[in-house]
Amino acid sequence: MPKTGLVISGGGTKGAFAVGALEYLRKVKGIQFDLVIGTSTGALITPLLVTDEIDALKQIYCSVDTPTLLTKMDALDAFTKGYLFNSDGLSSIIQNAITPGRWAAIQASPKQMCVTGVSFQSGNTTYFHTGPSLNVPPGAVAYPITSGKTLMQAIAASANEPCFTPSIRIPETGGEQYWDGGVRDYVGITTALMNGVEELYVIILSPEANPYQDKDFNSLDQVLMRTIALLSDEVGDSNQRYARQVGGAVLYLNSLQQYLGGLPGADKARIAAAFQSVPDPNQPGASLANPFSGFNLKRNPVIIRPDHSLADNSLEFGKGQMAGMIDIGYAKAQSVVA
C-alpha cells in the first residue's frame, strides 16, 4: 500500500469543515492515513484521527461554543499580558480529549502524527511528532512527543493564536513561548512531502478566492482577526501552489526516469544516479543535488477546500454553525474524491 499523508490547515471554528471531509474520506472511502500533520484547529483533529474516532470529533465540534472555549480579558490585563482572551476552556477540552487510553493508543499506532507550533524566542517552526524521526524543512525543528502531557501542550500551543490567546510553554523544549504554527506554516505540505508520502490529501479551510467583506473593521480584535485571516489565506494559497508545482515536477521526473530507463541500451544505473545529482557546470568538482530527491509522490496532491468563506470570525464558535460546516466538508470531499 502507498504511504498516504494528510495535512490539515488552521482555521479555528472552520475545523468542522475538515471533520466533515474526514468523515467521508474515512467512513465512505476507507482511506487510511500513515502521516497526519495538523496546524491550529488541525492540531486538535489529528490525535482523534489517529485513533480513528471521527464520531468523537463530530461530538466535540458540535458541542462547544465561544463562551465554553474563550473568556474576554479585562482591557488592562489584555494590554499587559499580550492577549485578548483567556483560553482555559480550550485547554480543558484538550485535556479531556487526550485521556490516558487515547495516549496509549496513539503511542501504539503505526500512524505518525505531527502538530505545528512556532517559538517566539527562536522564530523557528516547530513540529511536535509521534513515531520515528521526522524530516523538516531547513530552519525548522522537530521534537518527539514523549508523554500525553507534552501532546496536550503541543496541541494547545498550535491552537492558540498570538494576540488573541496566551502562549504555551513546553518544559521539554526549554520553556520557550509557543503559539499557532500557522504564523509560519499554515499548511504543512512541505514536511509531508519530505517524509516520503506517495499520496497526499490536503484540507485547507479557506476558499481559493478571497471573498469581499462588506463591513467596517473598527475594534482591535476585528482588525487583528482580519489581518491574521488575510495572512493565513495568502500562506494557504502559496502552499497550494507549491503542492501543485512540486507534485507536477516529481511526477514528471519520475516518468522521465522510467522513460529513459526503457530506451534500448539504456544504462539504468547511470540514469538513476543522474536523477540524484549531476556535476555542477559552474563549480568543477561540485555537484547539484536533485531538490526533489526523496519525494515519492505517485500522483498530484488531492486538495479539499471550501468554495466560499465558512466564517467571518474563526474564533466565533456556534454549535449549529459548526454542524453545518461538517455537512459542507462532507459534500466537498465527496465532490473531489468521488
Could you go through residues 117-127 and list every donor-acceptor pair under 3.5 Å that involves a side-chain atom there, pairing it with any protein atom two or more places apart or in another chain?
unit_1: S119; atom_1: OG; unit_2: Q121; atom_2: N; d: 3.2
unit_1: S119; atom_1: OG; unit_2: S122; atom_2: N; d: 3.2
unit_1: S119; atom_1: OG; unit_2: S122; atom_2: OG; d: 3.3
unit_1: S119; atom_1: OG; unit_2: E176; atom_2: OE1; d: 2.6
unit_1: Q121; atom_1: OE1; unit_2: Q177; atom_2: N; d: 2.7
unit_1: Q121; atom_1: NE2; unit_2: Q177; atom_2: OE1; d: 2.9
unit_1: S122; atom_1: OG; unit_2: N124; atom_2: N; d: 3.1
unit_1: S122; atom_1: OG; unit_2: N124; atom_2: ND2; d: 3.3
unit_1: T126; atom_1: OG1; unit_2: N124; atom_2: O; d: 3.4
unit_1: Y127; atom_1: OH; unit_2: D185; atom_2: OD2; d: 2.6
unit_1: Y127; atom_1: OH; unit_2: T191; atom_2: OG1; d: 3.3

>> According to salt bridge (charged side-chain N to carboxylate O under 4.0 Å, His left out), who are the partners of D55, at least two apart in sequence or on a separate chain?
In response: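 Scan of D55 (salt bridge (charged side-chain N to carboxylate O under 4.0 Å, His left out), adjacent residues dropped) gives K27.
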Side chain to side chain contact (heavy atoms under 4.5 Å, CB included) with [X]: which residues, sequence neighbours excluded?
{"X": "K72", "value": "F85, D221"}
{"X": "D216", "value": "N218"}
{"X": "R26", "value": "Q32, F33, L49, D52, I54"}

**Prompt:** What class does the angle between the rings of Y143 and F128 fall in, given that below 30° is parallel, 30 to 60° is tilted and above 60° is perpendicular?
**Reply:** parallel
Output a table of donor-acceptor pairs, distance under 3.5 Å, between side-chain atoms of residues 274-285 and any protein atom two or more places apart or on a different chain; print 'none' if there are none.
unit_1: Q276; atom_1: OE1; unit_2: S293; atom_2: OG; d: 2.7
unit_1: D280; atom_1: OD1; unit_2: N282; atom_2: N; d: 2.9

Restricting to pairs with a member in [range], which pass salt bridge (Lys or Arg N to Asp or Glu O under 4.0 Å), not counting sequence neighbours?
{"range": "residues 326-338", "answer": "D307-K332"}
{"range": "residues 82-107", "answer": "E53-R102"}
{"range": "residues 119-147", "answer": "none"}

task: Could you list all the ring-ring contact (aromatic ring centres under 6.0 Å, His included) pairs where at least one residue sits in residues 309-338, not counting sequence neighbours?
output: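 For residues 309-338: Y24-Y330.
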By side chain to side chain donor-acceptor pair (under 3.5 Å), N160 pairs with (sequence neighbours left out) S87
Mind listing the side-chain donor-acceptor pairs of residues 145-153 below 3.5 Å, one per line with the distance, residues two or more places apart or on another chain?
unit_1: T146; atom_1: OG1; unit_2: E172; atom_2: OE1; d: 3.1
unit_1: T146; atom_1: OG1; unit_2: E172; atom_2: OE2; d: 3.1
unit_1: S147; atom_1: OG; unit_2: T150; atom_2: N; d: 3.1
unit_1: S147; atom_1: OG; unit_2: T150; atom_2: OG1; d: 3.0
unit_1: T150; atom_1: OG1; unit_2: E172; atom_2: OE2; d: 2.8

